[in-house]
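Encoded as structure tokens, the structure appears first; notes follow it.
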Amino acid sequence: MTDYEDITYEVDGPAAVITINRPHRYNAFRGQTVEEMVKAFRAAWADTRVAVIILTGAGEKAFCTGGDVKQRAETGDYGPTESGMFEIGYLHKLIRDVPKPVIAAVNGVAIGGGHVLHVLCDLSIASETAKFGQAGPRVGSFDAGFGSAYLARVVGEKRAREIWYLCRQYDAATAERWGLVNWVVPAERLLDEAKAVAAEIAEKSPTALRFLKQSFNADTDHQAGLSNMAMSALEIFVHTDEGREGAAAFAEKRPADFGQFITA
């Protein structure tokens, strides 16, 4: 059994439950967190007991707030990993490629890269206390791959641009109305509801579900190319003065001075 530090992993009936376990950082992920999630998703893929995967966050405040910007401000990257790589792009594709439905149980804020994770899941169930939104342009970051292009497929172009350009936060009721989540439930029922939906799915033909997921994905698989390009661009951008200003401002709890970077 793999030992995890940043996540927990358990199999409960037909569901594997992957929990991001960094509540002290609002479940923001560093490189190690992503690496552990990759291992957990692959373990769930290989486990013939598992029909459905549930992704959630520890505590009541946050599902996931994306990349650990404080870590980035401190070290200039997202910390060391076994592979030597920050594999968030691979995790995105893995959530889509694993041939089992993935349910996001959104227990709190799903912001930035955490918002992208829930969008990529097959279904999203939200606590009434959940909040949704993007933060990239506020902190000198972006996801110009699945996080924007696929989001537009989910909520439409105008809503997707609003989410990214304004970096506002939206409540669970708004997210449900926009089609960003499937259901909203009381906070104390969230994980039970996710497990009940997983059990309902587990009654269905796994082969049929596999073909259906692959069929749904086929329409947007070309966005993987955008994702690769976006991740390469982001890797360069975060080391620019503009990218460093966003991370530093976040860490120092001050408004970022992006006006100096406006060009003709």
Side-chain angles (χ1 to χ4, degrees), residues 25-31 33-34 62-79 85-93 108-120 130-171 174-175 178-180 220 222-264:
R25 288 288 179 101
Y26 286 84
N27 293 325
F29 51 73
R30 55 182 177 169
T33 320
V34 172
F63 169 74
C64 178
T65 53
D68 191 334
V69 181
K70 288 185 178 179
Q71 170 84 44
R72 198 180 101 201
E74 291 165 2
T75 66
D77 57 23
Y78 289 106
M85 297 184 291
F86 181 53
E87 298 191 89
I88 188 64
Y90 179 68
L91 176 62
H92 290 172
K93 289 189 274 291
V109 291
I111 301 295
H115 188 260
V116 175
L117 292 180
H118 107 83
V119 168
L120 287 170
K131 297 281 188 180
F132 301 84
Q134 279 302 333
R138 181 181 289 133
V139 299
S141 183
F142 56 84
D143 185 336
F146 284 121
S148 51
Y150 183 66
L151 176 64
R153 293 293 186 99
V154 175
V155 298
E157 286 279 350
K158 294 291 187 180
R159 293 294 190 196
R161 291 171 194 245
E162 175 185 332
I163 289 168
W164 273 102
Y165 292 175
L166 300 182
C167 296
R168 293 175 178 173
Q169 293 187 19
Y170 304 91
D171 61 23
T174 300
W178 286 3
L180 195 56
T220 51
H222 66 281
Q223 292 177 358
L226 294 175
S227 180
N228 290 337
M229 182 176 66
M231 293 302 168
S232 295
L234 183 59
E235 187 175 346
I236 296 169
F237 176 72
V238 296
H239 295 293
T240 65
D241 289 343
E242 186 175 350
R244 284 194 292 265
E245 166 62 14
F250 179 85
E252 296 165 11
K253 298 182 179 180
R254 63 171 173 81
D257 178 16
F258 287 128
Q260 59 184 308
F261 302 108
I262 298 173
T263 59

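As a basis for the values below, the full set of heavy atoms in this structure was taken, side chains included, without hydrogen atoms, waters or symmetry mates.
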- Are Trp164 and Asp143 side-chain neighbours, meaning at least one heavy-atom pair lies under 4.5 Å? yes

- Item | Side-chain touch Val238/Arg244, heavy atoms, less than 4.5 angstrom | no

- Under 3.5 Å donor-acceptor, Asp68 side chain and Arg30 backbone: no

Problem - Residues Gln260, Asp241; criterion side-chain contact (heavy atoms from CB on, under 4.5 Å); working and verdict - result: CA-CA 10 Å; Gln260 59 184 308; Asp241 289 343; over 6 Å; no

Return the minimal non-hydrogen interatomic distance between [X] and [Y], and the atom names on each side.
{"X": "Ala160", "Y": "Val155", "answer": "N-CG2, 3.7 Å"}
{"X": "Phe29", "Y": "Gly114", "answer": "CE2-N, 4.4 Å"}
{"X": "Val154", "Y": "Val119", "answer": "CG2-CG1, 4.2 Å"}
{"X": "Ala28", "Y": "Thr65", "answer": "CB-OG1, 3.4 Å"}
{"X": "Gln134", "Y": "Gly113", "answer": "OE1-N, 4.5 Å"}
{"X": "Arg138", "Y": "Ala256", "answer": "O-CB, 4.3 Å"}

| message | Please determine whether the number of non-hydrogen atoms from other residues, nucleotides or ligands lying under 6.0 Å from atom OH of Tyr26 exceeds 12. | response | no

ring-ring contact (aromatic ring centres under 6.0 Å, His included) filter on Phe146, not counting sequence neighbours, yields none

Hey, could you give me the [atom1]/[atom2] distance between [X] and [Y], rounded to the nearest 0.5 Å?
{"X": "Arg153", "Y": "Gln223", "atom1": "CZ", "atom2": "CD", "answer": "5.5 Å"}
{"X": "Arg159", "Y": "Leu180", "atom1": "CZ", "atom2": "CG", "answer": "11.0 Å"}
{"X": "Leu91", "Y": "Leu117", "atom1": "CG", "atom2": "CG", "answer": "6.0 Å"}
{"X": "Phe86", "Y": "Glu235", "atom1": "CZ", "atom2": "CD", "answer": "10.0 Å"}
{"X": "Leu151", "Y": "His118", "atom1": "CG", "atom2": "NE2", "answer": "8.0 Å"}
{"X": "Asp257", "Y": "Glu242", "atom1": "CG", "atom2": "CD", "answer": "10.5 Å"}

Steps toward side-chain contact (heavy atoms from CB on, under 4.5 Å) verdict (His92, Tyr150) = CA-CA 11 Å; His92 290 172; Tyr150 183 66; over 6 Å; no

Side chain to side chain contact (heavy atoms under 4.5 Å, CB included) filter on Asn228, not counting sequence neighbours, yields Lys93

Check: Does the gap between the ring centers of Trp178 and Phe132 come in under 6.0 Å?
Finding: no

Residue pairs meeting ring pair (Phe, Tyr, Trp, His ring centres under 6.0 Å), one or both in residues 229-261, sequence neighbours left out, come to Phe142-Phe237

